[in-house]
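Contents: one structure, followed by commentary.
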Protein chains: 2
Amino acid sequence: MFGYLAVAMLSKKTQYALKALSYLAEHYSEGPVLIADIAAHKQIPLKFLESILLNLKHHEILESKKGKGGGYFLKQAPKKISVAKAIRAVEGPIALLPCVSLNFYEKCSDCDEKTCGVNKVMALTRDATLAVLEKKTLADLMDRH
Amino acid sequence: MFGYLAVAMLSKKTQYALKALSYLAEHYSEGPVLIADIAAHKQIPLKFLESILLNLKHHEILESKKGKGGGYFLKQAPKKISVAKAIRAVEGPIALLPCVSLNFYEKCSDCDEKTCGVNKVMALTRDATLAVLEKKTLADLMDRH
DNA sequence: ATATTAGTCTACCAAATAAGTAGACTTAAA
DNA sequence: TTTAAGTCTACTTATTTGGTAGACTAATAT
């Protein structure tokens, strides 16, 4: 009667992106890493990963080099890139509602934000969530072996 | 090139649910409230709202009464029902990934949670988010007029 | 030069989910 | 026994998700 099929709030695409960034963080300062290398180690469909990495490049998180010896690499040191920035690049807003989103704000069609209780609770939630995601960086995403 | 169309992490359905619960909280102890009344005041499609409220009843958040003088009402006082419980009833998990969900946990297929950095960051995020959503109640969702 | 390597881009597709609708059915009150 | 109101099943339709195919561009090595 109440059957849920394991929904997550982050899409598969964002999960793949975070896994890939984690891998690139681990191999930072080793030069360009092949897409195929990331795909193999993190079990991500190759062509899908290509589009994800390209998108991260467009968002100034990654850089790339073509041809032999090429590949992808972080534009800045892992500690300089927040998890919030990475999620926003792939997923879009982090807030639970557009009317409390800092980076993707949109006014509610039918309620007054000054009096809306839902808005107030969601704004507090956003603050709590962002306190973590803005502070944590790609360095924190790295695996501890 | 980077066109987002105002995505929110909570579905329309959950937004409607929270609005409806907010309305029912405001009219708590006034007896049953008509679905049509809620729909009209909160601008929610009637038939869609019907199914949402029924679902909330199945999750023991609402009660109902049929026939004349009937309608929906909160099963407990607004202060007794957390926003987290309401969201879980409609949306499912609150955590960003299944592998850090308390109520809808699912193991990652391809990573070891003991070493996975992504898991660690998402667990911290979940804690921060839940600290708010478990503490806040339907009473906090009410509009302040 | 030119073959090879590797990222870039456009276009497409199928499955799943979200959002909403229709209409018959049940129960309670007047 | 009529009317009011929630319940339930079964759709439909639009959008998003999670991919794939294949041509194209740029850099390097020979």
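What you see below is based on every heavy atom in this structure, not just the backbone, and it leaves out hydrogens, waters and symmetry mates. Here is the naming used below: chain letters follow the sequence lines, and residue numbers restart at 1 for every chain. Just so it is clear, the model here is predicted, and its values are computed rather than measured.
Using modelled atom types and a 3.5 Å distance limit, the side chains of B:E91 and B:S11 yield a donor-acceptor pair.
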Run the side-chain donor-acceptor check on residues 17-24 of chain A: report pairs under 3.5 Å with partners two or more places apart or on a different chain.
unit_1	atom_1	unit_2	atom_2	d
A:S22	OG	A:E26	OE2	3.4
A:S22	OG	A:L141	O	3.2
A:Y23	OH	A:D37	OD1	3.4
A:Y23	OH	A:D37	OD2	3.4
A:Y23	OH	A:H41	ND1	3.1

Show me the donor-acceptor pairs within less than 3.5 Å that the side chains of residues 129-137 of chain B make with the rest of the protein, sequence neighbours left out.
unit_1	atom_1	unit_2	atom_2	d
B:T129	OG1	A:T129	OG1	3.0
B:T129	OG1	B:T125	O	2.9
B:E134	OE2	B:R88	NH1	3.2
B:E134	OE2	B:R88	NH2	3.1
B:T137	OG1	B:A139	N	3.2

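C:dG20 atom P lies 7 Å from atom NZ of B:K12, rounded to whole Å. Distance A:M9 CE to D:dT17 P: 13 Å, rounded to the nearest Å. Atom CD in A:E50 sits roughly 14 Å away from atom P in C:dT10 (whole-Å rounding). The CD-C1' distance, from B:Q15 to C:dA19, rounds to 12 Å in whole Å. Rounded to whole Å, the distance from CG on B:L54 to P on D:dT9 is 10 Å. Rounded to an integer number of Å, the gap from CG of A:N55 to P of C:dC9 is 11 Å. Note: CG (A:L10) to P (D:dT16) measures 18 Å, nearest angstrom. At whole-Å resolution of the value, CG in A:L53 and P in C:dA6 are 15 Å apart.
A heavy-atom distance below 4.0 Å to DNA chain D is reached by these residues of residues 30-49 of chain A, ordered by number: A:P45, A:K47, A:F48.
Other members of a hydrophobic cluster containing A:M142 are absent, since no ILVMFWY side chain comes under 4.5 Å of it, directly or through relayed contacts.
The salt bridge (charged side-chain N to carboxylate O under 4.0 Å, His left out) search around A:D140 returns none, not counting sequence neighbours. In this structure, the side-chain contact (heavy atoms from CB on, under 4.5 Å) partners of B:Y28, at least two apart in sequence or on a different chain, are B:L74, B:A77, B:P78. Taking the ring pair (Phe, Tyr, Trp, His ring centres under 6.0 Å) definition, one finds that A:Y105 meets it with nothing, sequence neighbours left out.
A salt bridge links A:D143 with A:K42: the distance from a Lys NZ or Arg NE/NH1/NH2 to an Asp or Glu carboxylate oxygen falls below 4.0 Å.
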Using atom names, set out every protein N or O paired with an N or O of nucleotides 27-29 of chain C below 3.5 Å, distance rounded to 0.1 Å.
unit_1	atom_1	unit_2	atom_2	d
C:dT27	O4'	B:K66	NZ	3.3
C:dA29	OP1	B:K65	NZ	3.2

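Listed by first then second residue, pairs satisfying salt bridge (charged side-chain N to carboxylate O under 4.0 Å, His left out) with a partner in residues 67-76 of chain A read A:E60-A:K75, not counting sequence neighbours.
At D:dC8, one or more side-chain N or O atoms of B:H58 fall inside 4.0 Å of OP1 or OP2 (strictly under the cut-off). Contact annotation: B:Y16 reaches the phosphate of C:dG20 (side-chain N/O to OP1 or OP2, under 4.0 Å).
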